[in-house]
Q: 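Quick one: the structure is below, questions incoming.
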Amino acid sequence: MTTGSRHEIERHEIERIVRAVLRDVLSIDSARADAFTDSTELFGALPELDSMAVAGLLTELEDRLGIVIDDDDVDEDLLATFGSLADYAVRKSAD
């Protein structure tokens, strides 16, 4: 397996986990979560993702991915789209 293929598999797995966390924390159905693309807007676009849900979402991502999300990293850009959240999770998982 090449490094690129391994990276793609890892990203796919992390995206799967991020979708599962969004589904579970926000209580949205699987079909809706599965339809998220990199450009799907999250914070401000999903009524379920309000400021109270953000803490639960980030805590669950930390638990499931074994990462630590720095408070300084949490801003509107992090939660802007599914892609920005998944990209962050990939980067943190690689640390």
Side-chain angles (χ1 to χ4, degrees):
M1 180 178 292
T2 66
T3 303
S5 296
R6 182 172 163 233
H7 174 73
E8 289 172 19
I9 291 168
E10 290 171 357
R11 179 173 177 86
H12 178 74
E13 179 63 14
I14 289 170
E15 285 182 357
R16 186 191 65 74
I17 292 168
V18 172
R19 284 178 205 284
V21 168
L22 287 165
R23 183 189 65 233
D24 295 347
V25 171
L26 303 180
S27 298
I28 59 177
D29 64 47
S30 294
R32 185 173 173 201
D34 290 346
F36 290 166
T37 65
D38 281 349
S39 61
T40 299
E41 294 179 354
L42 298 179
F43 195 72
L46 295 180
E48 300 89 350
L49 185 57
D50 59 18
S51 57
M52 295 300 292
V54 169
L57 174 70
L58 298 177
T59 299
E60 194 63 26
L61 283 172
E62 287 180 326
D63 290 347
R64 293 195 197 182
L65 292 171
I67 62 174
V68 175
I69 298 174
D70 301 316
D71 290 341
D72 293 341
D73 293 343
V74 180
D75 60 17
E76 62 188 41
D77 292 336
L78 172 65
L79 298 167
T81 64
F82 176 78
S84 63
L85 184 58
D87 287 344
Y88 178 81
V90 168
R91 284 192 309 275
K92 291 302 282 189
S93 295
D95 287 349

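Just so you know, residue 1 is the first one in the sequence shown, and it goes up from there.
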Q: Looking at A86 and V18, what are the two nearest heavy atoms and their distance?
A: CA-CG2, 4.5 Å
Q: Output yes when a side-chain donor or acceptor of D50 lies under 3.5 Å from a complementary backbone atom of M52, and no otherwise.
A: yes
Q: To the nearest 0.5 angstrom, please state how far the CZ atom of R64 sits from the CD1 atom of I14.
A: 14.0 Å
Q: Please walk me through it: do F43 and L78 pass side-chain contact (heavy atoms from CB on, under 4.5 Å)?
A: CA-CA 9 Å; F43 195 72; L78 172 65; over 6 Å; no
Q: Would you indicate whether the side-chain heavy atoms of L46 and F36 approach each other to under 4.5 Å?
A: yes
Q: Judged by atom type as modelled, is there a donor-acceptor pair below 3.5 Å linking the side chain of T40 to the main-chain atoms of F82?
A: no
Q: Measure the CD1-CG distance between I69 and L85 for me, rounded to the nearest 0.5 Å.
A: 7.5 Å
Q: Can you check whether L61 reaches K92 side chain to side chain, under 4.5 Å on heavy atoms?
A: no
Q: What pairs with R16 under salt bridge (charged side-chain N to carboxylate O under 4.0 Å, His left out), at least two apart in sequence or on another chain?
A: E13
Q: Roughly how far apart are I17 CD1 and E15 CD, rounded to 0.5 Å?
A: 11.0 Å
Q: For the backbone of S30 and the side chain of R23, can you confirm whether one donor and one acceptor N or O come within less than 3.5 Å of each other?
A: no
Q: For a quick test of reading the model, state the closest non-hydrogen atom pair linking L79 to L57 and the distance between them.
A: CD2-CD2, 4.0 Å
Q: Quick one: closest heavy-atom pair of S39 and T81, and the distance?
A: O-CG2, 4.0 Å
Q: Please determine whether a side-chain nitrogen of the Lys or Arg among D73 and R91 lies less than 4.0 Å from a carboxylate oxygen of the Asp or Glu.
A: no
Q: Going from CG on L58 to CD1 on I67, what distance comes out if it is rounded to the nearest 0.5 angstrom?
A: 8.5 Å
Q: Any chance you could lay out the side-chain contact (heavy atoms from CB on, under 4.5 Å) test for L65 and V21, step after step, and finish with the verdict?
A: CA-CA 10 Å; L65 292 171; V21 168; over 6 Å; no
Q: Going by salt bridge (Lys or Arg N to Asp or Glu O under 4.0 Å), name the pairs with one or both residues in residues 30-39, residues two or more places apart or in two chains.
A: R11-D38, R32-E48
